[in-house]
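This report refers to the structure that appears directly beneath it.
Count residues from 1 along the sequence.
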Amino acid sequence: RSVTSDLDRDSISEYACQRRTTLKNYNQKFTDAFEILAENYEFNENKGFCTAFRRAASVLKCLPFTIVQVHDIEGVPWMGKQVKGIIEDIIEEGESSKVKAVLDNENYRSVKLFTSVFGVGLKTSDKWYRMGLRTLEEVKRDKNLKLTRMQKAGFLHYDDLTSCVSKAEADAASLIVQDVVWKIVPNAIVTIAGGFRRGKQTGHDVDFLITVPGSKQEEEELLHTVIDIWKKQELLLYYDLIESTFEDTKLPSRKVDALDHFQKCFAILKVHKEREDKGNSIRSKAFSEEEIKDWKAIRVDLVVVPFEQYAFALLGWTGSTQFERDLRRYATHEKKMMLDNHALYDKTKKIFLNAASEEEIFAHLGLDYLEPWERNA
Ligand code: TTP
Ligand code: MN
Ligand code: MN
Ligand code: MN
């Protein structure tokens, strides 16, 4: 390997916000393995190892070449002893026995299965596992279990919600959201955030930010009206509306994984499919009305953002999660600043730093700007 690539590896930052990470991943064999191990550590509440493997996966996603020998990772940050061991196993054997053991582990498999249901988190999964339950059929059969409204929706729409949302479906959902929002507030800005903004072709949900330039009044009622209209149109399969808890005297939250304080709605939307066989009477006659399900249940997150916080919300809701964690860690440790989805606070100068765009936030932090598609860390 050339001297240049050695130098390149030495200059890779320990922070994802200083690495350009596109969707082109030359080391998926390794990053998939690390993410399975990280997830298993998360299930077992081993935060240290979980973070170590998440960071290792994240950093390998920015390498412009495939790792073929151990020498290739010299100088790359976050390559600890454990991580190196897994890399060696995969280089030598083509796979890692530790990863295989996790994938075969009964607890991992059950928790993975249970948490695939919308509304089921680690706490519920653990409980079900300790009750001896192992399959979704067993959970559904257990009449003593009290399912939440969210979990009931999760089981009801399980197949739709576990099949990936395509770009076309995200665009269809986008039209539905824009249509209703613009009917209520014509000058509202509706933006897709999350994975689709980073250029992903599929996702587990569609994330929308909604803001109204120069208004406060209209904002508060907006989501309520959206919900009322969608109910009448019978497009809402599930929703949970969370009111804003923001106080503008508060400093940005230190906790990286804390939820933000925006008014938001976690919903399941009925998105009608594009009919390819429109007007094809032979096909239509072959099926009765009930047999054709011409819609798909799609998870959408709607977030209403005060206009002056829009840049911070957009930066926070675009992700990736690992990028966001490192951005906040960088702000705290390298700049003595506090960043969250609402604001940026300079602890040295004791002032809030305003921003009208993501570019301005990067500039405040002394960071080169990364485009959304370069944030797939
Ligand atoms: P997700 O929708 O969970 O993730 P994603 O869009 O990157 O990937 P997927 O295709 O699986 O949907 O979250 C998007 C971003 O929103 C992520 O960076 C975390 C952030 N987020 C918040 O900032 N606050 C919140 O309350 C939630 C739920 C998410
Ligand atoms: Mn998303
Ligand atoms: Mn989301
Ligand atoms: Mn620290």
Side-chain angles (χ1 to χ4, degrees), residues 32-47 50 53-54 57 95 98-166 169-170 172-173 194-196 200-207 234-242 257 259 264-273 287 290-301 321:
D32 282 353
F34 293 167
E35 278 166 0
I36 290 162
L37 294 171
E39 192 176 37
N40 187 52
Y41 284 123
E42 186 184 7
F43 291 175
N44 293 301
E45 289 172 80
N46 187 332
K47 235 183 148 232
C50 176
F53 279 103
R54 288 245 156 88
E95 59 186 10
K98 287 203 181 88
V99 174
K100 272 185 100 175
V102 168
L103 292 173
D104 283 336
N105 180 275
E106 195 179 22
N107 180 265
Y108 174 83
R109 293 170 75 104
S110 304
V111 175
K112 184 84 184 148
L113 181 66
F114 295 156
T115 54
S116 73
V117 180
F118 173 61
V120 178
L122 283 185
K123 236 179 69 194
T124 308
S125 292
D126 267 350
K127 194 178 87 188
W128 291 351
Y129 186 80
R130 280 187 274 103
M131 289 169 69
L133 301 169
R134 294 294 180 268
T135 67
L136 296 181
E137 287 311 314
E138 287 169 2
V139 172
K140 281 192 263 188
R141 242 184 281 136
D142 194 324
K143 295 297 166 216
N144 294 322
L145 285 182
K146 281 215 169 37
L147 298 182
T148 63
R149 199 170 58 84
M150 198 179 188
Q151 291 160 355
K152 281 178 190 160
F155 276 109
L156 194 58
H157 305 291
Y158 183 77
D159 291 339
D160 278 1
L161 297 182
T162 49
S163 83
C164 281
V165 179
S166 68
E169 288 160 351
F196 287 106
K200 280 177 64 181
Q201 291 301 307
T202 60
H204 95 281
D205 70 355
V206 198
D207 306 286
E234 297 185 355
L235 291 178
L236 258 193
L237 299 167
Y238 167 89
Y239 76 95
D240 183 16
L241 178 72
I242 293 155
D257 292 312
L259 289 185
K264 56 178 86 70
C265 180
F266 301 114
I268 301 175
L269 210 55
K270 190 170 182 175
V271 177
H272 285 267
K273 285 178 184 162
F287 299 92
E290 286 88 355
E291 274 174 301
I292 307 164
K293 177 175 163 285
D294 64 343
W295 53 271
K296 184 177 169 186
I298 296 202
R299 273 273 302 112
V300 302
D301 290 339
T321 305

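In this structure, the side chains of Ile36 and Tyr108 come closer than 4.5 Å at one or more pairs of heavy atoms. Residues Ile298 and Ile268 fail the side-chain proximity criterion, which asks for heavy atoms closer than 4.5 Å. Using a 4.5 Å cut-off on side-chain heavy atoms (C-beta onward), Phe114 and Leu136 make contact. Using a 4.5 Å cut-off on side-chain heavy atoms (C-beta onward), Asp207 and Phe196 make no contact. Contact check for Leu145 versus Val139: side-chain heavy atoms found under the 4.5 Å cut-off. Between Asp240 and Cys265, the closest side-chain pair of non-hydrogen atoms is not below 4.5 Å. No side-chain heavy atom of Val102 sits under 4.5 Å from any side-chain heavy atom of Glu39. Contact of the Val206 side chain with the Asp301 side chain is not registered, since no non-hydrogen atoms from C-beta on lie closer than 4.5 Å.
Ring geometry for His157 versus Trp295: interplanar angle over 60°, hence perpendicular rather than tilted (30 to 60°).
For the residue pair Lys296 and Ser163, a side-chain donor N or O sits within less than 3.5 Å of a side-chain acceptor on the partner.
Taking every heavy atom of both residues into account, Leu236 and Ala267 meet most closely at CD2-CB, 4.0 Å. The nearest pair of heavy atoms linking Val165 to Ala170 is CG1-N, 3.9 Å. In terms of heavy atoms, Cys50 sits closest to Ala38 at SG-O, 3.4 Å. Residue Leu235 comes nearest to His272 through the heavy atom pair CD2-CD2, 4.3 Å, listed as atom of the first residue, atom of the second, then distance. Considering every non-hydrogen atom in both Cys164 and Thr202, the closest pair reads CB-CB, 3.9 Å.
Salt-bridge check for Asp142 with Lys140: failed, with every basic side-chain N at 4.0 Å or more from each acidic carboxylate O. A salt bridge is absent between Lys47 and Glu42; no separation between the charged side-chain nitrogens and carboxylate oxygens falls under 4.0 Å. Using a 4.0 Å cut-off between a side-chain N of Lys or Arg and a carboxylate O of Asp or Glu, Asp160 and Arg299 do not qualify as a salt bridge.
Rounded to the nearest 0.5 angstrom, Thr115 OG1 and Leu113 CG are separated by 8.0 Å. Atom CG of Leu259 is separated from atom NZ of Lys264 by 5.5 Å, given to the nearest 0.5 angstrom. For the atom pair NZ (Lys273) and CD (Glu169), the distance works out to 7.5 Å, reported to the nearest 0.5 Å. Taking CG from Asp205 and CZ from Phe118, the interatomic distance works out to 9.5 Å, rounded to the nearest 0.5 Å. Separation of atoms NZ (Lys270) and CG (Asp294) is listed at 8.0 Å; rounding is to 0.5 Å. Rounding to the nearest 0.5 angstrom, the gap separating the CD atom in Glu95 from the CG atom in Leu103 is 10.0 Å.
Taking the centre and axis of the six-membered ring of Phe34, the NZ or CZ atom of Arg54 falls outside the cone set by 45° and 6.0 Å.
Around atom CZ of Arg134, more than 12 heavy atoms belonging to other residues, nucleotides or ligands sit under 6.0 Å away.
Using a distance-only test at 3.5 Å, with no hydrogens or angles considered, no donor-acceptor pair links the side chain of Glu35 to the main chain of Asp32. Listed for the Asn105 side chain is a donor-acceptor partner under 3.5 Å among the backbone atoms of Asn107.
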Inset, instruction - Check the pair Val111 / Trp128 against side chain to side chain contact (heavy atoms under 4.5 Å, CB included), numbers first and verdict last. - result: CA-CA 9 Å; Val111 175; Trp128 291 351; over 6 Å; no
Inset, instruction - Start with the C-alpha gap between Phe266 and Tyr239, add the side-chain angles, then the distance that decides, and say whether side chain to side chain contact (heavy atoms under 4.5 Å, CB included) holds. - result: CA-CA 6 Å; Phe266 301 114; Tyr239 76 95; over 6 Å; no
Inset, instruction - Take Tyr238 and Met150, measure what side chain to side chain contact (heavy atoms under 4.5 Å, CB included) needs, and give me the verdict at the end. - result: CA-CA 8 Å; Tyr238 167 89; Met150 198 179 188; 3.4 Å; yes
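When the side chain to side chain donor-acceptor pair (under 3.5 Å) test is applied to Ser116, the partners found at least two apart in sequence or on another chain are Tyr158.
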